[in-house]
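Below is one structure, written out as structure tokens, with a few remarks after it.
Below, read A as the first sequence line, B as the second, and so on, with proteins coming before strands; counting in each chain starts at 1. Side chains included, hydrogens not; waters and symmetry mates left out as well; all remaining heavy atoms used.
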Amino acid sequence: MRVATWNVNSITARLPRLLAWLESTGTDVLCIQETKTGEEGFPAAELRELGYESAVNATGRWNGVALVSRVGLEDVVKGLPGGPDYEGVQEPRAISATCGPLRLWSVYVPNGREVGHDHYGYKLSWFEALRAAVAADAAGQRPFAVLGDFNVAPTDADVWDPAVFEGQTHVTPAERAALTALCEAGLSDVMPRPLKYDHPFTYWDYRQLCFPKNRGMRIDLVYGNKPFTTAVKDSYVDREERKGKGASDHAPVVVDLEV
DNA sequence: ATGGCCGGGTTGCCCGGA
């Protein structure tokens with residue numbers, strides 16, 4: 001079974017590439033982030049034509065997540081139970097469902113903006129709520145994983161130049177401690193293979209030729225429990241999908257499982 | 001080849017992204 005996660009940076013703008021990518025890769029379940037459309041604007045009909053069911057948590061121009069599956073989509077939970085508000089709203093940043101033998105989450109963790117910003121505190125609270133919400137499944141026997149844009153680089157090797165990120169969000173000890181807490185709950189980081197260079201990045205800024213210069217970050221992650229990680233046969237970042245006109249600034253992360 | 005931001009809405013600029 002092939003599972004993937006991809007921050008598409010607008011599903012409307014990405015639709016032609018998304019449909020072509022699903023067909024060419026034969027992905028069974030895709031976790032999508034940054035739909036940037038409301039649920040009424042989600043292209044469920046186009047996906048259904050390709051044989052995929054959709055579950056969507058989205059409210060408009062910002063954020064928005066989805067699960068797209070051709071191997072079943074049951075027991076959908078929209079949102080992060082117990083999650084914090086930001087400026088009085090529960091932003092659409094999480095959705096979970098059972099897809100065949102797997103229980104999966106698609107998450108878009110808050111960015112944080114700047115260390116000390118209200119959004120940064122919101123990010124840390126959001127992580128704590130996530131840890132609490134997934135604890136039982138993380139410790140369970142069913143293959144389980146949280147996939148998505150975590151907006152944290154787990155180690156200094158996961159950014160192209162650690163000096164550039166000093167004092168910035170995405171690399172602070174508090175954010176990395178939130179990942180450690182997920183590991184203590186029973187999850188571990190499924191490290192993808194790079195298709196080029198020594199280290200896999202998943203995000204490259206659109207500006208300043210970051211992609212050709214490989215100035216990237218690994219912030220799109222797959223955190224699986226033991227039954228999930230033992231079923232993993234391969235994983236890679238599809239950097240080919242970052243190339244050319246009409247690309248998202250994130251590349252898909254693909255995981256192949258034997259379940 | 002992979003090439004100097006992009007997407008969407010409150011549009012002909014502004015915000016957010018990381």
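The residue A:Phe165 sits apart from the nucleic acid: no heavy atom pair falls under 4.0 Å. Counting non-hydrogen atoms under 4.0 angstrom, A:Gln168 reaches nothing in the nucleic acid. Looking at heavy-atom distances under 4.0 Å, A:Asn151 makes contact with sugar-phosphate atoms alone, never a base. A:Asp220 comes within contact range of no nucleotide atom at all, as no heavy-atom separation falls under 4.0 Å. Across all strands, A:Tyr108 comes closer than 4.0 Å only to sugar-phosphate atoms, never to a base (heavy-atom distances).
Ring geometry, A:Trp160 versus A:Phe165: the interplanar angle exceeds 60°, so the pair is classed perpendicular (tilted spans 30 to 60°). Ring geometry, A:His119 versus A:Tyr86: the interplanar angle exceeds 60°, so the pair is classed perpendicular (tilted spans 30 to 60°).
In this structure a side-chain-to-backbone donor-acceptor pair under 3.5 Å is present from A:Glu175 to A:His170. The backbone N or O of A:Ala145 sits nowhere less than 3.5 Å from a side-chain atom of A:Arg103 that would complete a donor-acceptor pair. Checked by atom type and distance alone, the side chain of A:Tyr206 pairs as donor or acceptor with a backbone atom of A:Asp249 at under 3.5 Å.
Atom CD in A:Glu241 sits roughly 18 Å away from atom P in B:dA1 (whole-Å rounding). If you measure from atom CG of A:Asn63 to atom P of B:dC15, you get 17 Å, rounded to the nearest angstrom. Rounded to whole angstrom, the span from the CD atom of A:Glu114 across to the P atom of B:dC15 amounts to 14 Å. Following rounding to the nearest Å, A:Glu175 (CD) and B:dA18 (P) show an atom-to-atom distance of 12 Å.
B:dG8 and B:dG3 are spaced 25 Å apart, taking the C1' atom of each and rounding to whole Å. Nucleotides B:dA18 and B:dC6 place their P atoms 16 Å apart, quoted to the nearest Å. B:dA1 and B:dC5: their P atoms are spaced 22 Å apart (whole Å). Taking atom P on both nucleotides, B:dG9 is separated from B:dG4 by 25 Å, rounded to a whole Å. Taking atom P in both B:dT10 and B:dG16, the straight-line distance is 14 Å, to the nearest Å.
A salt bridge between A:Glu53 and A:Arg48 is absent, with no side-chain N of the basic residue lying under 4.0 Å from a carboxylate O of the acidic one. A:Glu34 has no carboxylate O lying under 4.0 Å from a charged side-chain N of A:Arg61, or vice versa, which leaves the two without a salt bridge.
Counting heavy-atom neighbours within 6.0 Å of A:Gln208 CD, excluding the residue itself, gives a total of 12 or less.
Between B:dA18 and A:Arg113, no contact under 4.0 Å exists linking OP1 or OP2 to a side-chain N or O. Look at A:His170 and you won't find any side-chain N or O under 4.0 angstrom from OP1 or OP2 of B:dG17.
Residues A:Leu30 and A:Trp105 do not share a hydrophobic cluster, clusters being chains of Ile/Leu/Val/Met/Phe/Trp/Tyr side chains in contact below 4.5 Å.
A cation-pi contact links A:Arg242 to A:Phe211, judged by a cut-off of 6.0 Å to the six-membered ring centre and 45° from its axis.
Checking A:Asn111 against A:Glu240, the closest nucleotide of DNA chain B that is more toward the 5' end is the one next to A:Glu240.
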Query raised in the report: How would nucleotides 3-11 of chain B be written as a contact map, 5' to 3', with B for base contact, S for sugar-phosphate-only contact and - for no contact, using protein heavy atoms under 4.0 Å?
Result: BSBSBBSB-
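Contacts with DNA chain B (heavy atom under 4.0 Å) in residues 84-92 of chain A: none are found.
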